[in-house]
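This structure is a prediction, so every number in the text was calculated from the model and none was measured. As a basis for the values below, the full set of heavy atoms in this structure was taken, side chains included, without hydrogen atoms, waters or symmetry mates. For the single chain, residues carry numbers from 1 onward in sequence order.
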Amino acid sequence: MQETFALRGNVIYTPECGRLELHPHSFLVCEEGKVAGVFPALPERWQEIPVEDFGDRLILPGLVDLHVHASQYTYRGLGMDMELLDWLEQNAFPEESRFADLAYARRAYEIFVGELVKSATTRACIFATLHRPATLVLMELLEKAGLPCYVGKVNMDRNSPDTLRETTEQSLAETRLWLEQSKDFAKVRPMLTPRFVPSCTDELMNGLGQLQREFGTAMQSHLSENLSEIQWVSQLCPNTRFYGEAYAQAGLFGGDCPTVMAHCVWSGAEERALMKQNGVFIAHCPQSNMNVSSGIAPIKSYLAEGQRVGLGSDVAGGAHLSIFRAMTDAIQCSKLRWRLVDQQTPALTLPEAFYMATKGGGAFFGKVGSFEPGYELDAIVMDDSALPTTRDCTLAERLERVVYLSDGQPCAKYAAGIRLF
Ligand code: GUN
Ligand code: FE
(Lines give C-alpha, C1' and ligand atoms only; values in the text may rest on other atoms or scores of the structure.)
(Ligands and ions follow the chains in the order given, each with its own letter.)
Protein backbone atom coordinates (compact mmCIF):
# COMPACT_ATOMS: atom_id res chain seq x y z
CA MET A 1 0.00 0.00 0.00
CA GLN A 2 1.33 3.43 -0.91
CA GLU A 3 1.75 5.98 1.85
CA THR A 4 -0.65 8.93 2.14
CA PHE A 5 1.17 12.26 1.92
CA ALA A 6 0.70 15.91 1.00
CA LEU A 7 2.60 18.41 -1.11
CA ARG A 8 2.40 22.02 -0.02
CA GLY A 9 2.85 24.99 -2.35
CA ASN A 10 1.04 27.06 -4.98
CA VAL A 11 -1.14 24.48 -6.71
CA ILE A 12 -2.26 25.16 -10.30
CA TYR A 13 -4.25 22.94 -12.68
CA THR A 14 -6.94 23.16 -15.33
CA PRO A 15 -10.09 21.04 -14.97
CA GLU A 16 -11.55 22.34 -18.25
CA CYS A 17 -10.07 23.89 -21.35
CA GLY A 18 -9.48 27.60 -20.83
CA ARG A 19 -9.98 27.68 -17.03
CA LEU A 20 -7.18 27.69 -14.44
CA GLU A 21 -7.64 26.56 -10.84
CA LEU A 22 -5.25 28.58 -8.66
CA HIS A 23 -4.67 27.55 -5.03
CA PRO A 24 -2.06 29.67 -3.22
CA HIS A 25 -0.15 27.94 -0.42
CA SER A 26 -2.36 24.86 -0.39
CA PHE A 27 -2.09 21.16 0.39
CA LEU A 28 -2.33 18.60 -2.41
CA VAL A 29 -3.13 15.27 -0.73
CA CYS A 30 -2.13 11.98 -2.35
CA GLU A 31 -3.75 8.70 -1.23
CA GLU A 32 -2.91 5.36 -2.88
CA GLY A 33 -1.13 7.19 -5.69
CA LYS A 34 -4.19 9.31 -6.46
CA VAL A 35 -5.24 12.86 -5.71
CA ALA A 36 -7.53 13.07 -2.67
CA GLY A 37 -8.02 16.82 -3.02
CA VAL A 38 -6.51 20.30 -2.76
CA PHE A 39 -7.12 22.11 0.55
CA PRO A 40 -6.23 25.54 1.99
CA ALA A 41 -5.48 23.81 5.34
CA LEU A 42 -4.83 20.14 6.02
CA PRO A 43 -8.15 18.48 7.00
CA GLU A 44 -8.41 16.93 10.47
CA ARG A 45 -8.14 13.29 9.31
CA TRP A 46 -4.77 13.90 7.63
CA GLN A 47 -3.07 15.83 10.46
CA GLU A 48 -0.48 13.07 10.89
CA ILE A 49 0.56 12.47 7.27
CA PRO A 50 3.98 13.56 5.99
CA VAL A 51 3.95 16.96 4.26
CA GLU A 52 6.58 17.97 1.72
CA ASP A 53 6.64 21.76 1.96
CA PHE A 54 7.72 23.40 -1.30
CA GLY A 55 7.31 26.92 0.08
CA ASP A 56 6.45 29.51 -2.56
CA ARG A 57 7.09 27.22 -5.54
CA LEU A 58 4.50 26.21 -8.14
CA ILE A 59 3.03 22.69 -8.15
CA LEU A 60 1.65 21.71 -11.56
CA PRO A 61 0.38 18.47 -13.12
CA GLY A 62 3.17 16.57 -14.92
CA LEU A 63 3.26 17.41 -18.62
CA VAL A 64 2.26 14.93 -21.32
CA ASP A 65 4.17 14.44 -24.58
CA LEU A 66 1.72 12.70 -26.91
CA HIS A 67 4.26 12.21 -29.70
CA VAL A 68 8.03 11.76 -29.53
CA HIS A 69 10.60 9.60 -31.35
CA ALA A 70 13.10 8.32 -28.76
CA SER A 71 15.36 7.00 -31.53
CA GLN A 72 15.67 10.47 -33.06
CA TYR A 73 16.86 12.17 -29.88
CA THR A 74 20.47 11.60 -30.96
CA TYR A 75 20.24 14.03 -33.89
CA ARG A 76 18.02 16.74 -32.46
CA GLY A 77 18.75 20.10 -34.04
CA LEU A 78 20.16 18.69 -37.28
CA GLY A 79 18.65 18.88 -40.75
CA MET A 80 16.17 21.49 -39.63
CA ASP A 81 16.25 23.30 -42.99
CA MET A 82 14.61 20.40 -44.88
CA GLU A 83 11.08 19.33 -45.77
CA LEU A 84 9.48 16.20 -44.30
CA LEU A 85 10.07 13.50 -46.93
CA ASP A 86 13.68 14.53 -47.65
CA TRP A 87 14.32 14.88 -43.94
CA LEU A 88 13.03 11.36 -43.31
CA GLU A 89 15.18 9.89 -46.04
CA GLN A 90 18.35 11.76 -45.15
CA ASN A 91 18.13 12.00 -41.36
CA ALA A 92 15.54 9.74 -39.75
CA PHE A 93 15.97 6.52 -41.74
CA PRO A 94 19.80 6.32 -41.65
CA GLU A 95 19.87 7.06 -37.91
CA GLU A 96 17.08 4.62 -37.04
CA SER A 97 18.89 1.91 -39.05
CA ARG A 98 21.67 2.05 -36.45
CA PHE A 99 19.34 0.70 -33.76
CA ALA A 100 19.89 -2.81 -35.14
CA ASP A 101 23.06 -2.57 -33.03
CA LEU A 102 21.82 -3.17 -29.50
CA ALA A 103 24.81 -1.53 -27.81
CA TYR A 104 24.29 1.63 -29.88
CA ALA A 105 20.57 1.57 -29.12
CA ARG A 106 21.20 1.24 -25.39
CA ARG A 107 23.57 4.21 -25.39
CA ALA A 108 21.09 6.35 -27.32
CA TYR A 109 18.08 5.32 -25.20
CA GLU A 110 19.99 5.90 -21.95
CA ILE A 111 20.56 9.49 -23.04
CA PHE A 112 16.92 9.93 -24.06
CA VAL A 113 15.48 8.46 -20.86
CA GLY A 114 17.97 10.43 -18.72
CA GLU A 115 16.77 13.67 -20.32
CA LEU A 116 13.09 12.69 -20.11
CA VAL A 117 13.42 11.98 -16.39
CA LYS A 118 14.91 15.45 -15.76
CA SER A 119 12.22 17.16 -17.85
CA ALA A 120 8.72 18.25 -16.83
CA THR A 121 7.19 15.35 -18.79
CA THR A 122 5.69 12.51 -16.75
CA ARG A 123 3.93 10.60 -19.56
CA ALA A 124 4.64 10.15 -23.24
CA CYS A 125 3.62 8.18 -26.32
CA ILE A 126 6.94 7.15 -27.78
CA PHE A 127 8.11 5.78 -31.14
CA ALA A 128 11.13 3.47 -30.93
CA THR A 129 12.31 1.87 -34.22
CA LEU A 130 11.30 -1.33 -35.97
CA HIS A 131 13.88 -3.29 -33.95
CA ARG A 132 12.18 -5.41 -31.28
CA PRO A 133 15.21 -6.01 -29.00
CA ALA A 134 16.11 -2.31 -28.93
CA THR A 135 12.49 -1.38 -28.28
CA LEU A 136 12.47 -3.69 -25.25
CA VAL A 137 15.64 -1.98 -23.96
CA LEU A 138 13.88 1.39 -24.17
CA MET A 139 10.88 -0.03 -22.30
CA GLU A 140 13.14 -1.46 -19.56
CA LEU A 141 14.87 1.90 -19.11
CA LEU A 142 11.55 3.76 -18.84
CA GLU A 143 10.16 1.18 -16.43
CA LYS A 144 13.24 1.52 -14.21
CA ALA A 145 12.98 5.31 -14.33
CA GLY A 146 9.34 5.13 -13.19
CA LEU A 147 7.86 6.83 -16.25
CA PRO A 148 4.47 5.29 -17.15
CA CYS A 149 4.76 5.68 -20.92
CA TYR A 150 3.44 3.99 -24.05
CA VAL A 151 6.14 2.72 -26.41
CA GLY A 152 5.82 1.50 -29.98
CA LYS A 153 7.92 -0.92 -31.97
CA VAL A 154 7.63 0.70 -35.40
CA ASN A 155 6.26 -1.21 -38.41
CA MET A 156 7.64 -0.56 -41.94
CA ASP A 157 7.39 -2.94 -44.92
CA ARG A 158 7.59 -0.60 -47.95
CA ASN A 159 9.13 2.62 -49.28
CA SER A 160 12.01 2.42 -46.83
CA PRO A 161 15.73 1.66 -47.26
CA ASP A 162 16.90 -1.97 -47.11
CA THR A 163 18.45 -1.25 -43.72
CA LEU A 164 15.11 -0.18 -42.28
CA ARG A 165 12.46 -2.45 -43.74
CA GLU A 166 10.87 -5.73 -42.69
CA THR A 167 8.88 -8.16 -44.78
CA THR A 168 5.18 -8.12 -43.96
CA GLU A 169 5.43 -11.54 -42.28
CA GLN A 170 8.48 -10.51 -40.24
CA SER A 171 6.86 -7.29 -39.17
CA LEU A 172 3.72 -9.05 -37.91
CA ALA A 173 5.61 -11.93 -36.26
CA GLU A 174 8.02 -9.55 -34.50
CA THR A 175 5.13 -7.38 -33.35
CA ARG A 176 3.28 -10.38 -31.90
CA LEU A 177 6.40 -11.56 -30.07
CA TRP A 178 7.03 -8.04 -28.78
CA LEU A 179 3.43 -7.73 -27.49
CA GLU A 180 3.87 -11.02 -25.63
CA GLN A 181 7.22 -9.95 -24.17
CA SER A 182 5.75 -6.59 -23.13
CA LYS A 183 3.34 -8.23 -20.71
CA ASP A 184 6.07 -8.29 -18.04
CA PHE A 185 6.18 -4.51 -17.68
CA ALA A 186 4.16 -2.97 -14.85
CA LYS A 187 4.19 0.70 -15.83
CA VAL A 188 5.24 0.86 -19.47
CA ARG A 189 2.73 -0.26 -22.07
CA PRO A 190 3.13 -1.27 -25.71
CA MET A 191 1.37 0.62 -28.48
CA LEU A 192 1.02 -0.50 -32.10
CA THR A 193 2.99 1.87 -34.34
CA PRO A 194 2.60 1.60 -38.10
CA ARG A 195 5.00 4.44 -38.97
CA PHE A 196 2.67 6.13 -41.50
CA VAL A 197 0.71 4.94 -44.50
CA PRO A 198 3.60 5.24 -47.03
CA SER A 199 5.66 2.80 -44.88
CA CYS A 200 2.98 0.10 -44.52
CA THR A 201 1.27 -2.12 -47.09
CA ASP A 202 -2.47 -2.80 -46.76
CA GLU A 203 -1.60 -6.35 -45.79
CA LEU A 204 0.56 -5.15 -42.89
CA MET A 205 -2.02 -2.62 -41.78
CA ASN A 206 -4.75 -5.30 -41.79
CA GLY A 207 -2.51 -7.70 -39.87
CA LEU A 208 -1.89 -5.01 -37.26
CA GLY A 209 -5.64 -4.45 -37.05
CA GLN A 210 -6.05 -8.16 -36.21
CA LEU A 211 -3.35 -7.95 -33.55
CA GLN A 212 -5.08 -4.88 -32.12
CA ARG A 213 -8.34 -6.78 -31.71
CA GLU A 214 -6.58 -9.82 -30.25
CA PHE A 215 -4.46 -7.92 -27.71
CA GLY A 216 -6.63 -4.81 -27.20
CA THR A 217 -3.54 -2.65 -27.78
CA ALA A 218 -3.57 1.12 -28.29
CA MET A 219 -2.09 2.55 -31.51
CA GLN A 220 -0.24 5.64 -32.73
CA SER A 221 0.79 6.97 -36.10
CA HIS A 222 1.13 10.09 -38.27
CA LEU A 223 -1.80 11.68 -40.09
CA SER A 224 -2.23 14.44 -42.68
CA GLU A 225 1.06 16.03 -41.73
CA ASN A 226 2.63 17.46 -44.89
CA LEU A 227 1.23 18.23 -48.36
CA SER A 228 3.72 16.08 -50.32
CA GLU A 229 3.07 13.18 -47.95
CA ILE A 230 -0.71 13.53 -48.28
CA GLN A 231 -0.49 13.55 -52.07
CA TRP A 232 1.65 10.41 -51.95
CA VAL A 233 -0.89 8.68 -49.70
CA SER A 234 -3.72 9.48 -52.09
CA GLN A 235 -1.72 7.78 -54.87
CA LEU A 236 -0.86 4.77 -52.70
CA CYS A 237 -4.46 4.31 -51.51
CA PRO A 238 -6.80 5.01 -54.44
CA ASN A 239 -9.66 3.34 -52.60
CA THR A 240 -9.72 5.92 -49.81
CA ARG A 241 -11.45 9.31 -49.74
CA PHE A 242 -9.10 10.75 -47.12
CA TYR A 243 -5.83 9.81 -45.42
CA GLY A 244 -7.34 8.61 -42.13
CA GLU A 245 -9.50 6.11 -44.00
CA ALA A 246 -6.39 4.01 -44.69
CA TYR A 247 -6.10 3.41 -40.93
CA ALA A 248 -9.87 3.15 -40.41
CA GLN A 249 -10.19 0.40 -43.05
CA ALA A 250 -7.86 -1.74 -40.90
CA GLY A 251 -9.75 -0.93 -37.68
CA LEU A 252 -6.93 1.31 -36.46
CA PHE A 253 -8.66 4.64 -36.05
CA GLY A 254 -10.17 5.09 -32.60
CA GLY A 255 -13.37 3.54 -31.31
CA ASP A 256 -12.29 0.30 -29.59
CA CYS A 257 -8.70 1.05 -30.59
CA PRO A 258 -7.38 3.95 -28.43
CA THR A 259 -5.54 6.03 -31.02
CA VAL A 260 -3.13 8.96 -31.12
CA MET A 261 -2.57 10.59 -34.50
CA ALA A 262 0.29 13.04 -34.74
CA HIS A 263 -0.12 16.34 -36.59
CA CYS A 264 -3.50 16.45 -38.43
CA VAL A 265 -2.36 19.73 -40.00
CA TRP A 266 -4.44 19.28 -43.15
CA SER A 267 -7.36 17.08 -42.04
CA GLY A 268 -10.51 17.78 -44.05
CA ALA A 269 -14.15 17.73 -42.95
CA GLU A 270 -14.67 13.96 -43.35
CA GLU A 271 -11.46 13.08 -41.55
CA ARG A 272 -12.30 15.47 -38.72
CA ALA A 273 -15.80 14.06 -38.39
CA LEU A 274 -14.45 10.50 -38.10
CA MET A 275 -11.75 11.54 -35.60
CA LYS A 276 -14.37 13.18 -33.44
CA GLN A 277 -16.83 10.29 -33.73
CA ASN A 278 -14.14 7.74 -32.83
CA GLY A 279 -12.42 9.81 -30.11
CA VAL A 280 -9.06 9.82 -31.88
CA PHE A 281 -6.48 11.91 -29.99
CA ILE A 282 -4.67 14.58 -31.98
CA ALA A 283 -1.02 15.16 -30.99
CA HIS A 284 -0.32 18.76 -31.98
CA CYS A 285 3.42 19.21 -32.65
CA PRO A 286 3.83 22.86 -33.66
CA GLN A 287 7.61 23.00 -33.66
CA SER A 288 7.93 20.01 -35.95
CA ASN A 289 5.23 21.44 -38.21
CA MET A 290 7.42 24.52 -38.66
CA ASN A 291 10.76 22.72 -38.95
CA VAL A 292 9.75 20.28 -41.68
CA SER A 293 7.50 22.81 -43.44
CA SER A 294 4.21 21.06 -42.76
CA GLY A 295 1.95 24.02 -41.95
CA ILE A 296 -0.15 25.45 -39.12
CA ALA A 297 -2.74 23.05 -37.68
CA PRO A 298 -6.18 24.56 -36.89
CA ILE A 299 -5.99 23.68 -33.21
CA LYS A 300 -8.32 26.36 -31.88
CA SER A 301 -11.00 25.05 -34.24
CA TYR A 302 -10.29 21.46 -33.17
CA LEU A 303 -10.84 22.44 -29.54
CA ALA A 304 -14.03 24.31 -30.45
CA GLU A 305 -15.46 21.31 -32.32
CA GLY A 306 -14.71 18.98 -29.39
CA GLN A 307 -11.70 17.06 -30.69
CA ARG A 308 -9.36 15.51 -28.13
CA VAL A 309 -6.08 17.37 -28.40
CA GLY A 310 -2.72 17.09 -26.62
CA LEU A 311 0.77 18.40 -27.38
CA GLY A 312 3.79 16.57 -28.75
CA SER A 313 7.46 17.47 -29.04
CA ASP A 314 7.88 15.20 -32.09
CA VAL A 315 11.62 15.07 -31.43
CA ALA A 316 13.48 15.16 -33.77
CA GLY A 317 11.08 16.88 -36.21
CA GLY A 318 10.88 19.16 -33.18
CA ALA A 319 14.32 20.00 -31.82
CA HIS A 320 13.18 20.43 -28.19
CA LEU A 321 11.89 17.84 -25.74
CA SER A 322 10.22 20.49 -23.56
CA ILE A 323 6.43 20.53 -23.51
CA PHE A 324 6.60 24.03 -22.01
CA ARG A 325 8.24 24.95 -25.30
CA ALA A 326 5.47 23.12 -27.20
CA MET A 327 2.93 25.27 -25.33
CA THR A 328 4.58 28.52 -26.42
CA ASP A 329 5.05 27.23 -29.98
CA ALA A 330 1.36 26.28 -30.11
CA ILE A 331 0.31 29.77 -29.04
CA GLN A 332 2.71 31.50 -31.45
CA CYS A 333 1.67 29.29 -34.38
CA SER A 334 -2.00 29.94 -33.69
CA LYS A 335 -1.31 33.68 -33.85
CA LEU A 336 0.27 33.29 -37.27
CA ARG A 337 -2.73 31.25 -38.37
CA TRP A 338 -5.04 34.05 -37.22
CA ARG A 339 -2.91 36.67 -38.95
CA LEU A 340 -2.24 34.80 -42.20
CA VAL A 341 -4.97 32.19 -42.68
CA ASP A 342 -8.18 32.67 -40.72
CA GLN A 343 -9.14 35.94 -39.05
CA GLN A 344 -12.39 34.43 -37.76
CA THR A 345 -10.58 32.16 -35.31
CA PRO A 346 -8.67 33.77 -32.46
CA ALA A 347 -5.29 32.55 -31.22
CA LEU A 348 -4.84 30.01 -28.43
CA THR A 349 -4.54 31.32 -24.86
CA LEU A 350 -2.08 30.20 -22.22
CA PRO A 351 -4.75 28.34 -20.18
CA GLU A 352 -5.75 26.46 -23.37
CA ALA A 353 -2.16 25.49 -24.11
CA PHE A 354 -1.69 24.43 -20.47
CA TYR A 355 -4.84 22.29 -20.72
CA MET A 356 -3.58 20.51 -23.86
CA ALA A 357 -0.20 19.89 -22.17
CA THR A 358 -1.82 18.36 -19.06
CA LYS A 359 -5.40 17.10 -18.98
CA GLY A 360 -5.92 17.20 -22.77
CA GLY A 361 -3.11 14.75 -23.54
CA GLY A 362 -3.35 13.09 -20.12
CA ALA A 363 -6.85 11.80 -20.92
CA PHE A 364 -5.23 9.26 -23.24
CA PHE A 365 -3.69 7.64 -20.13
CA GLY A 366 -6.95 7.62 -18.13
CA LYS A 367 -7.45 9.99 -15.20
CA VAL A 368 -4.17 11.84 -15.70
CA GLY A 369 -3.17 15.49 -16.04
CA SER A 370 -5.32 17.16 -13.39
CA PHE A 371 -5.49 17.54 -9.60
CA GLU A 372 -9.19 16.73 -9.39
CA PRO A 373 -9.93 13.96 -6.86
CA GLY A 374 -9.30 10.46 -8.25
CA TYR A 375 -6.64 11.57 -10.74
CA GLU A 376 -3.32 9.74 -10.65
CA LEU A 377 -0.84 12.03 -8.94
CA ASP A 378 1.59 13.22 -11.61
CA ALA A 379 3.12 16.45 -10.34
CA ILE A 380 6.07 18.73 -11.04
CA VAL A 381 7.40 21.47 -8.77
CA MET A 382 8.71 24.57 -10.54
CA ASP A 383 10.98 27.10 -8.83
CA ASP A 384 10.54 30.50 -10.48
CA SER A 385 12.84 32.37 -8.09
CA ALA A 386 15.49 32.30 -10.82
CA LEU A 387 13.21 34.50 -12.97
CA PRO A 388 13.45 37.69 -10.90
CA THR A 389 11.08 40.58 -11.49
CA THR A 390 10.21 43.84 -9.74
CA ARG A 391 6.54 43.04 -10.25
CA ASP A 392 4.19 41.42 -7.80
CA CYS A 393 2.92 38.69 -10.15
CA THR A 394 -0.31 36.75 -9.71
CA LEU A 395 -0.13 32.96 -9.75
CA ALA A 396 -1.46 32.90 -13.32
CA GLU A 397 1.29 35.33 -14.37
CA ARG A 398 3.92 33.25 -12.61
CA LEU A 399 2.70 30.17 -14.49
CA GLU A 400 2.96 32.05 -17.78
CA ARG A 401 6.52 33.17 -17.03
CA VAL A 402 7.55 29.64 -16.10
CA VAL A 403 6.11 28.37 -19.39
CA TYR A 404 7.89 31.00 -21.48
CA LEU A 405 11.11 31.56 -19.54
CA SER A 406 12.18 28.62 -17.38
CA ASP A 407 14.65 25.97 -18.51
CA GLY A 408 11.76 23.50 -18.22
CA GLN A 409 13.34 21.44 -15.46
CA PRO A 410 11.35 20.89 -12.29
CA CYS A 411 13.00 20.70 -8.85
CA ALA A 412 10.81 17.74 -7.86
CA LYS A 413 8.73 15.30 -9.90
CA TYR A 414 6.09 12.64 -9.11
CA ALA A 415 4.54 10.09 -11.48
CA ALA A 416 1.53 8.01 -10.42
CA GLY A 417 2.12 9.02 -6.79
CA ILE A 418 5.82 8.08 -6.72
CA ARG A 419 8.55 10.64 -6.29
CA LEU A 420 11.18 10.39 -9.05
CA PHE A 421 13.44 13.12 -7.58
N1 GUN B 1 6.15 10.59 -40.77
C2 GUN B 1 6.66 9.36 -40.85
N3 GUN B 1 7.73 9.22 -40.04
C4 GUN B 1 7.89 10.40 -39.45
C5 GUN B 1 8.83 10.88 -38.48
O6 GUN B 1 9.75 10.19 -38.05
N7 GUN B 1 8.67 12.18 -38.10
C8 GUN B 1 7.67 12.97 -38.58
N9 GUN B 1 7.56 14.22 -38.14
N10 GUN B 1 6.80 12.55 -39.49
C11 GUN B 1 6.91 11.28 -39.91
FE1 FE C 1 6.62 12.04 -35.63
For this session: Report the distance from atom SG of C125 to atom OH of Y150, rounding to the nearest 0.5 Å.
Result: 7.0 Å
For this session: In sequence, state the C-alpha distance, the side-chain angles, and the governing distance for H263 and F196, and then conclude on ring-ring contact (aromatic ring centres under 6.0 Å, His included).
Result: CA-CA 12 Å; H263 308 302; F196 68 156; over 10 Å; no
For this session: Using a strict 4.0 Å threshold on nitrogen-to-oxygen distance, state whether E115 and K118 make a salt bridge.
Result: yes
Exercise. Does the distance from a Lys or Arg side-chain N to an Asp or Glu carboxylate O, for E174 and K153, drop under 4.0 Å?
Worked result: no
Exercise. Is it the case that more than 12 heavy atoms not belonging to R107 sit under 6.0 Å from its CZ atom?
Worked result: no
Problem set entry | Nearest-0.5 Å distance, CG of residue L164 to CD of residue E95 | 11.0 Å
Exercise. Minimum heavy-atom separation for V137 to R106, with atom names?
Worked result: CG2-NH2, 3.7 Å
Problem set entry | Neighbour count above 12 (heavy atom, 6.0 Å) for Q47 CD | yes
Problem set entry | Close side-chain approach of M275 to F253, heavy-atom, < 4.5 Å | yes
Exercise. Hey, do the aromatic rings of Y13 and Y375 have their centres closer than 6.0 Å?
Worked result: no
Problem set entry | Closest contact, heavy atoms only, P194 versus L208 | CB-CD1, 3.8 Å
Exercise. Atom OG in S71, atom CD1 in I126: separation rounded to 0.5 Å?
Worked result: 10.5 Å
For this session: Scan for ring pair (Phe, Tyr, Trp, His ring centres under 6.0 Å) pairs involving residues 398-421, sequence neighbours excluded, and state none if there are none.
Result: F5-Y414
For this session: Please find out if less than 6.0 Å separates the ring center of W46 from that of F39.
Result: yes
Exercise. Any ion pair linking E305 and K276 (charged N to carboxylate O, less than 4.0 Å)?
Worked result: no
Exercise. Got a sec, which residues hit salt bridge (charged side-chain N to carboxylate O under 4.0 Å, His left out) with R325, two or more places apart in sequence or on another chain?
Worked result: D329
Exercise. Have N155 and T175 got a donor and an acceptor in their side chains that come within less than 3.5 Å?
Worked result: yes
Exercise. Do E214 and L179 pass the side-chain contact (heavy atoms from CB on, under 4.5 Å) test, and can you show the C-alpha distance, the side-chain angles, and the key distance before you say yes or no?
Worked result: CA-CA 11 Å; E214 186 180 333; L179 289 176; over 6 Å; no
Exercise. Name the one of K359, R123, K367 that satisfies salt bridge (charged side-chain N to carboxylate O under 4.0 Å, His left out) with E376?
Worked result: R123
Exercise. Is there a donor-acceptor contact under 3.5 Å linking the side chains of E245 and T240?
Worked result: no
For this session: Could you give me the CA-CA distance, side-chain angles and deciding distance for Q220 and T193, then say whether side chain to side chain donor-acceptor pair (under 3.5 Å) is met?
Result: CA-CA 5 Å; Q220 61 184 346; T193 305; 2.9 Å; yes
Problem set entry | Centroid-centroid distance, H69 to H67, less than 6.0 Å | yes
For this session: Using distance alone, with no hydrogens and no angle criterion, decide if T129 and H131 have a side-chain donor and acceptor under 3.5 Å apart.
Result: yes
Exercise. Just wondering, more than 12 heavy atoms not from D256 lying within 6.0 Å of its CG?
Worked result: no
Problem set entry | Any donor-acceptor N or O pair under 3.5 Å, side chains E140, Y109 | no
